[in-house]
Amino acid sequence: MNNNNSSLLKSSSSAAPPLRIADVLLLHLDDDDQEEQVDGAVFPFSLVMDGCRRRRREAGGVVSRWLTCFRRPEDQHDDDRDDVINGRDLSSVVAHNDRSGPSGGCRCQRESSFNVGVGCSLLYLIAANKAELDKMMDLRTQMQVLLQNFKEELQVRNASEEGTGSNCHRSSQNLAISHVQPESSTTAIMTFDQSLKCDTPKDVECLEGIDQLQAELEAELERLQLHLEKEKLLQHPEQRSVEAVMEMLVFCATAFVRKSCFFSNLVTLKDTASSRSCSMSAGEVIDTVVEAQEAFSEVDCGVPPYELEKRLHEVLEARQQEHIRELEAALECAKHKLSEKEMEISWWRDTARVIAQHVPGPSRIFALVRFGSNHQAGQTRRLRACHEPSAEADPPVDVHTGHAKNLDSTLLLDSPSALTLDVGAISESFGLFQFTIRHSAQRKKYLFLIKKRFVVVLVVENKMALAGDLTLDLVRDSLIRQEDTIIFCLIERAKHPLNAPAYDQSYASFPGFSGSLLQYIVQQSEAMQATAGRYENPEESPFFPDNLPHSFVPPFKYPQVLHPAGTSININKIIWDMYFNQLLPLFVAEGDDGNYASTATSDLACLQALSRRIHYGKFVAEVKFRDAPHEYELAIRAKDRDALMNLLTYENVEQMVKKRVEKKAMVLGQEVSLGNDGDKQARFKVDPSVVSRLYGDWIMPFTKLVQVEYLLRRLD
Ligand SMILES: O=C(O)C(=O)C[C@]1(C(=O)O)C=C[C@@H](O)C=C1
C-alpha cells in the first residue's frame with residue numbers, strides 16, 4: 001500500500017469511525033443478487049446464511065459514512081457529486097473520477113492506488129469468508145451423516161426385531177410414535193439447555209435414563225398390583241388380571257417410548273448443538289430441535305418395546321410365583337386340617353362301633369366331655385352339665401376344650417344337678433367305663449367311652465325321670481321303647497285267628513255283667529289292676545274308668561309332671577274302635593280256634609300298649625309347652641287347634657318312626673327256621689307294612705290329638 005493510501009486511511013481514521021471488513025462486503029450486497037459480480041470476481045454469497053443478510057440493510061449507512069469521510073478533505077463543497085456518489089457502487093465512483101478535469105491527474109493516481117488497496121482487501125476478505133463458509137458446510141455434512149447413521153442403525157434394529165418381534169411390538173411402536181408427536185419444542189429446548197451443561201458421555205446418559213424409566217415402571221407396577229388386589233374381590237380374578245396386565249403393558253410401553261424418544265432427542269440435540277453452539281442463534285436451535293423430532297418420528301423409537309415387555313413378564317412371573325407359594329402354603333395348611341378331621345371322623349366311627357357292641361338297648365349320646373391332658377389320677381372333680389345333644393343331631397365334636405384345671409367348668413350329665421366323678425379312674429380307663437349313679441329318686445346308668453381326651457357319656461338305662469329332668473329326648477326314648485311292646489303284643493295276638501265269638505255279646509253271659517267275653521275280661525282286669533295301683537301311674541289310662549276300685553297298694557310318689565287337667569284326657573273309646581274295627585282285621589287271620597279267653601287277653605295287652613303309647617302324648621305336649629311356652633300360649637288362648645297341631649308336628653320324626661317300626665316288625669316278627677332259608681322269601685308274623693300303617697294312620701295322629709287336648713287344658 002502506498003503513502004497516499006496510508007495518509008487517506010490516517011485521515012479517515014482520525015475523522016470517522018474505523019472501516020470494517022464486513023461494511024465493505026455488505027456494500028456490495030446492498031444491491032440485487034445479480035450485482036454480486038464485481039470486477040469479474042464471483043462472490044458465493046448465496047451460500048451465506050439468512051442471518052448475515054439481515055445485516056446488509058443496516059450496512060448501507062455505514063458505507064455512506066465511510067465514503068463521505070474518504071472525500072471530505074477535497075470535495076467538501078461538491079454537494080451534487082456527493083449526492084450522486086452516495087448510494088452508488090465503487091466502480092461508478094472510479095469512473096466518475098476518471099472523467100474529472102486537468103487537476104485530476106494526481107487525484108486519479110491516488111484513487112487508483114486506493115482502488116488497488118480496496119481490491120486487495122476485498123480479495124483477502126473473500127478468502128477468509130470462504131474458509132468460514134467451508135467450515136459451516138462441513139458441519140452441515142457431519143450433521144447429515146450423523147442423522148443418516150442414526151437412521152440406518154434403527155433400521156438394522158427393526159430388521160432384527162421383526163425376526164423375533166410380534167404384532168404387540170409393532171403396535172407398541174406405533175403407539176410410541178403417536179405419543180412422540182405431541183412433545184413440545186419448549187420442553188425440548190429447556191432440557192436441551194440442561195444437557196449442554198452436562199459433560200457425561202452419551203451412553204452414560206442413556207443408561208441413567210433407562211434406570212430412571214425402570215424405577216418409574218416398578219413404581220407403576222406397585223400401584224397396579226395394589227389396584228389389582230383391591231379390586232380382585234369385586235371382579236372375576238382372571239379377567240381382572242388380564243386387564244391389569246394389558247393396562248400395565250400399554251402404560252409401560254407408552255412411558256417407555258416417551259422416555260426413549262426423550263433421551264434420543266437429547267442425544268441428537270446435544271451432538272448437533274455442541275458442534276454448532278458457538279455460531280447458532282436461538283432460532284436456529286429451535287429449528288434443530290424440530291428437525292431432530294421429525295427425524296426421530298421417521299425412524300421410530302430408539303429402544304425396542306419387546307425389551308420392556310420381557311422385563312414386565314419377568315416381574316409378573318416373579319409375583320405370580322410368590323402368589324403360588326402362598327397358595328401352596330395355604331393348601332398345606334388345609335391338608336393338615338383335613339387329616340386332623342379325618343382322624344376325628346375315624347375316631348367317631350370307632351366310637352359308634354363300640355357303642356353298637358356294648359349298649360344293649362336304644363340309647364343316645366348324652367354328653368361329650370373333653371378332659372385336659374394334664375389332670376392327675378385320683379383327682380375328684382365336680383362336673384357340671386351344660387349341654388345335652390339332641391337325639392337327631394350329630395354328636396358334637398368339640399363341646400368343650402378345657403384343660404384339667406378347668407374341669408369344674410367342663411360339662412357332664414343332666415342339668416341342673418351336679419355329680420361327683422372320680423376323674424382319676426376315668427383317666428386310667430381308656431375304653432369303656434360304665435357305672436350307675438343314684439341321684440335322689442332317679443337312677444341312671446351311664447356308659448363312658450373314653451378315647452384320647454374325649455369322653456362320650458351315654459345313658460344306657462333311665463329308671464325314672466323326675467319332673468324337672470323331663471326332656472323331649474327322654475320322652476321320645478320312652479316312645480321308642482314302647483314300639484317294641486306294641487309290636488310284641490301284635491305278634492302275640494296274631495297267634496290266634498279272629499275268634500269272633502270272643503267279641504259276640506250273645507256268646508256268653510256273666511253274672512252282674514252285660515257284654516262280650518272280651519269286654520268282661522278287660523273290665524275285670526282293669527278293676528283288678530286298679531286295686532294293685534296300676535292307674536295311680538299318670539301314664540296309664542283305663543278303658544273302663546267308671547267305678548274303678550281304689551288301689552290297695554302303698555302309694556308311690558310319681559313325679560308331678562303333668563298338669564292336673566291331663567288326667568281327664570282319655571281317648572280309649574276311639575282307640576277301642578280303631579283296634580277292633582280297623583286294625584284287627586288287617587293282621588289276624590279269619591277263623592276260630594276256640595281260644596277265646598286267650599285271644600281276649602291278648603287283645604287286652606294290645607289295647608293297653610296302644611293306650612299307654614297314645615296317651616303318652618300328654619308328656620310330649622308338656623315338654624313341648626315348657627320348651628316354648630309363649631308360642632303355645634297364644635294358640636291355646638285362641639283355642640286354635642290347627643295352630644297347635646302345626647306347632648307340635650314334626651314330619652321328619654314321623655317318617656323316621658314309620659320306617660323304624662316297619663323294620664322292627666321285620667326283625668322281631670320274622671319266622672326263624674334252622675333249614676336253608678336262603679331261597680325262601682322271609683315270612684313275618686305281622687305284616688311290617690301293617691305296623692307302619694298303624695303308626696302312620698292311627699297311633700301318631702291319636703298321639704297328636706291327645707297333645708292338642710292336653711295343651712287346650714294346659715292353662716286351666
Ligand atoms: O316326637 C314328637 O315330637 C311327638 O310329638 C311324637 C310324635 C309321635 O306320635 O310319634 C307325634 C307327633 C310328631 O309329629 C312326631 C312324633
Side-chain angles (χ1 to χ4, degrees), residues 361-366 388-394 459 462 465 469-490 538-541 561-563 566 569-572 574-575 578-579 582-583 606-633 635-636 640-665 668 688-714:
S363 186
R364 63 195 174 82
I365 292 180
F366 184 74
E388 210 172 347
S390 69
E392 286 86 32
D394 289 332
V459 179
N462 188 6
D469 298 334
L470 195 66
T471 63
L472 187 56
D473 287 335
L474 287 174
V475 170
R476 284 176 173 162
D477 281 346
S478 175
L479 293 178
I480 291 168
R481 182 65 184 85
Q482 290 178 57
E483 291 165 2
D484 305 350
T485 311
I486 292 171
I487 292 169
F488 279 125
C489 288
L490 296 178
E539 294 179 19
E540 299 288 350
S541 303
V561 175
L562 300 179
H563 187 279
I569 298 166
N570 187 327
I571 64 164
N572 276 341
I574 301 172
I575 296 170
M578 178 273 292
Y579 177 78
Q582 294 179 278
L583 181 62
C606 287
L607 287 170
Q608 286 183 328
L610 289 170
S611 173
R612 189 181 175 123
R613 199 288 181 192
I614 289 166
H615 285 101
Y616 208 77
K618 296 176 195 177
F619 292 85
V620 180
E622 176 62 26
V623 172
K624 287 179 178 173
F625 177 81
R626 287 185 194 179
D627 284 349
H630 300 299
E631 280 184 47
Y632 282 96
E633 266 182 40
I636 291 167
D640 190 341
R641 289 173 173 272
D642 292 341
L644 287 171
M645 192 62 92
N646 281 338
L647 279 172
L648 57 85
T649 298
Y650 293 82
E651 289 288 349
N652 58 331
V653 178
E654 291 185 19
Q655 294 305 319
M656 235 166 54
V657 169
K658 281 169 69 178
K659 278 187 191 162
R660 188 171 56 239
V661 294
E662 187 171 2
K663 196 170 179 185
K664 280 185 180 179
L668 302 175
S689 67
V690 170
V691 180
S692 177
R693 188 183 163 193
L694 167 64
Y695 267 83
D697 289 0
W698 298 300
I699 292 181
M700 287 194 287
F702 290 172
T703 309
K704 290 197 282 187
L705 176 63
V706 169
Q707 290 187 58
V708 171
E709 292 300 324
Y710 178 83
L711 288 168
L712 286 172
R713 291 165 176 79
R714 182 61 178 74

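Worth knowing before you read on, the calculation uses all heavy atoms, side chains too, and leaves out hydrogens, waters and symmetry mates. All residue numbers refer to positions in the sequence shown, counting from 1. Each ligand, and each atom within it, is numbered from 1 in the order the structure gives.
Atom 11 (C) of ligand 1 is flagged as protein-proximal [any protein heavy atom, distance under 4.0 Å].
For atom 16 (C) of ligand 1, the nearest non-hydrogen atom of the protein is Val653 CG1, 4.0 Å. Distance from atom 6 (C) of ligand 1 to its nearest protein heavy atom, with residue and atom name: Leu479 CD1, 4.0 Å.
Ligand 1 places these atoms under 4.0 Å from at least one heavy atom of Lys624: 2 (C), 3 (O), 4 (C), 5 (O). Of all atoms in ligand 1, numbered sequentially from 1 with element shown, those under 4.0 Å from a heavy atom of Glu654 are 12 (C), 13 (C), 14 (O), 15 (C). Under a 4.0 Å criterion applied to the non-hydrogen atoms of Val620, ligand 1 contributes the atoms 4 (C), 5 (O). Within ligand 1, the atoms closer than 4.0 Å to a non-hydrogen atom of Gln707 are 4 (C), 5 (O), 11 (C), numbered from 1 in the order shown. Interface of Lys704 with ligand 1, defined as ligand atoms under 4.0 Å from a residue heavy atom, comprises 11 (C), 12 (C). Numbered from 1 in the order shown, with element, the atoms of ligand 1 that lie under 4.0 Å from a heavy atom of Thr649 read 14 (O). Of all atoms in ligand 1, numbered sequentially from 1 with element shown, those under 4.0 Å from a heavy atom of Met700 are 8 (C), 9 (O), 10 (O). Residue Arg476 approaches ligand 1 through these ligand atoms, each under 4.0 Å from one of its heavy atoms: 1 (O), 2 (C), 3 (O).
Qualifying ring-ring contact (aromatic ring centres under 6.0 Å, His included) partners for Tyr632, counting only residues two or more places apart in sequence or in other chains: none.
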In a table with atom names and distances, give each donor-acceptor pair under 3.5 Å that connects a side chain of residues 693-703 to protein atoms at least two apart or in another chain.
residue : atom : partner : partner atom : Å
Arg693  : NE   : Asp697  : OD2          : 3.0
Thr703  : OG1  : Arg613  : NH1          : 2.8
Thr703  : OG1  : Ile699  : O            : 2.6

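Heavy atoms only, all atoms of each residue included: Glu654 and Thr649 are closest at OE2-CG2, 3.6 Å.
We find the CD1-CD1 distance between Ile575 and Ile614 to be 3.5 Å, quoted to the nearest 0.5 Å. With values rounded to the nearest 0.5 angstrom, Glu540 atom CD is found 4.5 Å from Arg612 atom CZ. Here the CG atom belonging to Leu711 is positioned 12.0 Å from the CG atom belonging to Asp640, to the nearest 0.5 angstrom.
Here atom 9 (O) of ligand 1 lies nearest to Arg613 when heavy atoms of Arg613, Met645, Met656, Gln482 are compared.
In terms of N/O distances under 3.5 Å, ligand 1 is not approached by Glu651.
With salt bridges taken as basic N to acidic carboxylate O contacts below 4.0 Å, none links Lys658 and Glu662. Taking 4.0 Å as the cut-off between side-chain N and carboxylate O, Glu709 and Arg713 count as a salt-bridged pair.
Of the N and O atoms on the side chains of Ser611 and Asn572, at least one donor lies less than 3.5 Å from an acceptor on the other residue.
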